[in-house]
2 protein chains.
Amino acid sequence: MRLVIARCSVDYTGRLTAHLPLATRLLVHKGDGSLLVHSDGGSYKPLNWMSPPCTLTVETPDAEAAEEGVVELWRVTHAKSGDALLVRIHEVIHDTTHDLGVDPGLIKDGVEADLQRLLAEQVDVIGDGLALVRREFPTAIGPVDLMLRTVTAGVSVEIDVPPGVEADVHVSAAPAGPAPARHVAVEVKRRAGIDAVEQLTRYLELLNRDPHLAPVRGVLAAQSIAPQAKTLAGDRGIDTVVLDYDAMKGIQSGIPTLF
Amino acid sequence: MRLVIARCSVDYTGRLTAHLPLATRLLVHKGDGSLLVHSDGGSYKPLNWMSPPCTLTVETPDAEAAEEGVVELWRVTHAKSGDALLVRIHEVIHDTTHDLGVDPGLIKDGVEADLQRLLAEQVDVIGDGLALVRREFPTAIGPVDLMLRTVTAGVSVEIDVPPGVEADVHVSAAPAGPAPARHVAVEVKRRAGIDAVEQLTRYLELLNRDPHLAPVRGVLAAQSIAPQAKTLAGDRGIDTVVLDYDAMKGIQSGIPTLF
DNA sequence: TCCTCTAGCTTGGAC
DNA sequence: GTCCAAGGTAGAGGA
């Protein structure tokens, strides 16, 4: 990794064009060829950058550029897209190179996948008398996060059996023509916006065309739900459930899961 | 801006928890207090970071940590959210500080706003016999990018007048009861996905309730349109138009706009 | 490979 | 402040 502090101007041409006037900035040239241009402040996102695969070539400025004070010209070209970054360096203030080795990588917890996994183990959070059919239930337009079905075969049955799988098995085995299972499609999000409601609506539209599944009810489950998303969901008959990740994690660690 | 190369492990707790095992990394401490943790390679995004407003405090490791080889402990705390980043430094390999000054900022061209502006000047790209009503046409749920209307008042009229405004004016002034104008709502995107179709659908639903506007046809105009978005648009009777930004820009620079 | 969806998204703008 | 939409979104994961 090469770290350069330099007075420079930068031009990007590619999906759009962007220009950075002359100023002092940090240039990070990584081992994979990528380049980041950072200012002191702003966001974690560089002002300009080039993602790998790309190559950096250092050129000597032509007479005109040299006259303007350019001492070095860095050209970073993307291997496929043709995007290019041009760094006109007027003054190098710092220049060091370091060998960092390979990074072991990041371990995360608490992303949507974790939320979905926990919720699959605790479908009672969504409502009573529900059992998991499967996670990532496949449809033609993509997988539904969770597919559940009701296990309401009469109150008397549910009293003396454990909730979840056992009751579900009982219903399935009921000799007297069982009430048709009603399905519940659950969309899991960390933060749900209008787009989440739209997504679930598309799934429901499709699922309800399938006579084996219909009627399918929709539930939007998220750690936070935008007010407009809640309103839109209400309009469309979609229930919303706010999830408490820490509480769900507590239950998960305390009680062994049924599945 | 302070640049540190160090062998360190990092823990983030906040919206999720994340852990980085011991390895050599770049730490960038910016003037606004923010911290970036970069590896040599990967993306332009740091492995871990803390966004401003936040403060960095350097602590002396306790006996236990010192025994594990920690020589310095950086704690970065977000001012509002309570998110925290903990950097356990085992070895400092490089440590320099530089004054970069304030960055003049980035100038962009080719973003969605530019596309919309160009398209407003060249509505014929959408179809013949159309005139701009206005950009950012207001509705209760937000502005429609472009609202157009047809100027089809009979072919004979259109032959000997310039397209666009002039023809439109003529139609408006036509003494023999003019055919009602048909409206076209255009959603402009650089890249259109399913969400763009959903957005336009919401607008059309609303616009078509207005007897002054109905019937309103929908057009999705974008530099690239995802296949599923094109399919969904087709299902809903929404036309799609693929835009060539460079070509449109060429026309714009060559021919003065009518508006 | 293409195409989809998530993201500690971030960031800017409107209300 | 909250909420929504754009992003050179990037990056992962499935078909």
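Quantities reported herein were computed from a predicted structural model and do not represent experimental measurements. Per chain, numbering begins at 1; letters A, B, ... match sequence-line order.
Distances shown here put every side-chain N or O of Lys108(B) at or beyond 4.0 Å from the OP1 or OP2 atom of dG7(D). When the side-chain nitrogen and oxygen atoms of Arg191(A) are compared with OP1 and OP2 of dT2(D), none of them lie within a distance under 4.0 Å. Between Lys45(A) and the phosphate of dG8(D), there is a side-chain N or O to OP1/OP2 separation shorter than 4.0 Å. Of the side-chain N and O atoms in Gln228(B), none sit less than 4.0 angstrom from OP1 or OP2 of dC3(C). Between Arg15(B) and dT6(C) there is no side-chain polar atom (N or O) within less than 4.0 angstrom of OP1 or OP2. Residue Lys189(A) has a polar side-chain atom (N or O) positioned under 4.0 Å from OP1 or OP2 of dT6(C).
Across the protein-nucleic acid pair, Gln116(B) atom CD and dG13(C) atom C1' stand 14 Å apart, rounded to whole Å. Nucleotide dA6(D) holds its C1' atom 11 Å from the CG atom of Asp145(B), rounded to whole Å. Here the P atom of nucleotide dT4(C) and the CD atom of Glu198(A) are 17 Å apart, to the nearest Å. The CD atom of Gln199(A) sits 7 Å away from the C1' atom of dC5(C) (whole-angstrom rounding). As rounded to whole Å, 11 Å separates atom P of dA5(D) from atom CG of Leu232(A). Between the CG atom of Leu47(B) and the P atom of dG8(C) there is a distance of 12 Å, given to the nearest Å. One interatomic measurement links the two molecules: NZ of Lys30(B) to P of dT10(C), which rounds to 14 Å at whole-angstrom precision. Going from atom CD1 of Ile107(A) over to atom C1' of dG8(C) covers 16 Å, rounded to whole Å.
Of the candidate nucleotides dC3(D), dT4(C), dG8(D), dC3(D) has the atom nearest to the side chain of Pro227(A). For Tyr44(B), the side-chain atoms get nearest to dA10(D) when compared with the rest of dC4(D), dA10(D), dT4(C). With dA6(D), dG8(C), dG8(D) as the choices, the nucleotide that has an atom nearest any side-chain atom of Asp83(A) turns out to be dG8(D). Taking every side-chain heavy atom of Leu85(A) into account, dG8(D) is the closest of dG8(D), dT1(C), dA5(D).
Residue Ala113(B) is classed as having no contact, given no heavy-atom separation below 4.0 Å to the nucleic acid. The residue Asp195(B) sits apart from the nucleic acid: no heavy atom pair falls under 4.0 Å.
Summary of the strand contacts: Glu112(B) and Ile225(A) both lie near DNA chain D, and taking for each the nucleotide with the nearest heavy atom, the more 5' one is attributed to Ile225(A). When each of Lys80(A) and Val188(A) is assigned the nucleotide of DNA chain C bearing its nearest heavy atom, the one mapping closer to the 5' terminus is Lys80(A).
With P as the reference atom, dG8(D) and dC4(D) are 22 Å apart, rounded to whole Å. Rounded to the nearest Å, the gap between the P atom of dG8(C) and that of dT4(C) is 22 Å.
The CG atom of Leu207(A) sits 4.5 Å away from atom CE of Met147(A), with the distance rounded to the nearest 0.5 Å. The line from NZ of Lys230(A) to CD1 of Ile238(A) is 12.5 Å long, rounded to the nearest 0.5 Å.
Taking 4.0 Å as the cut-off between side-chain N and carboxylate O, Arg117(B) and Asp114(B) count as a salt-bridged pair. Electrostatic pairing of Arg236(A) and Glu198(A) counts as a salt bridge here, judged by a charged N lying under 4.0 Å from a carboxylate O.
For the pairing with Tyr12(B), the side-chain hydrogen bond (donor to acceptor under 3.5 Å, both in side chains) check across Asp83(B), Asn48(B), Thr17(B) returns one residue only, Asp83(B).
Side-chain contact between Leu118(A) and Glu121(A) is present, with at least one heavy-atom pair separated by less than 4.5 Å.
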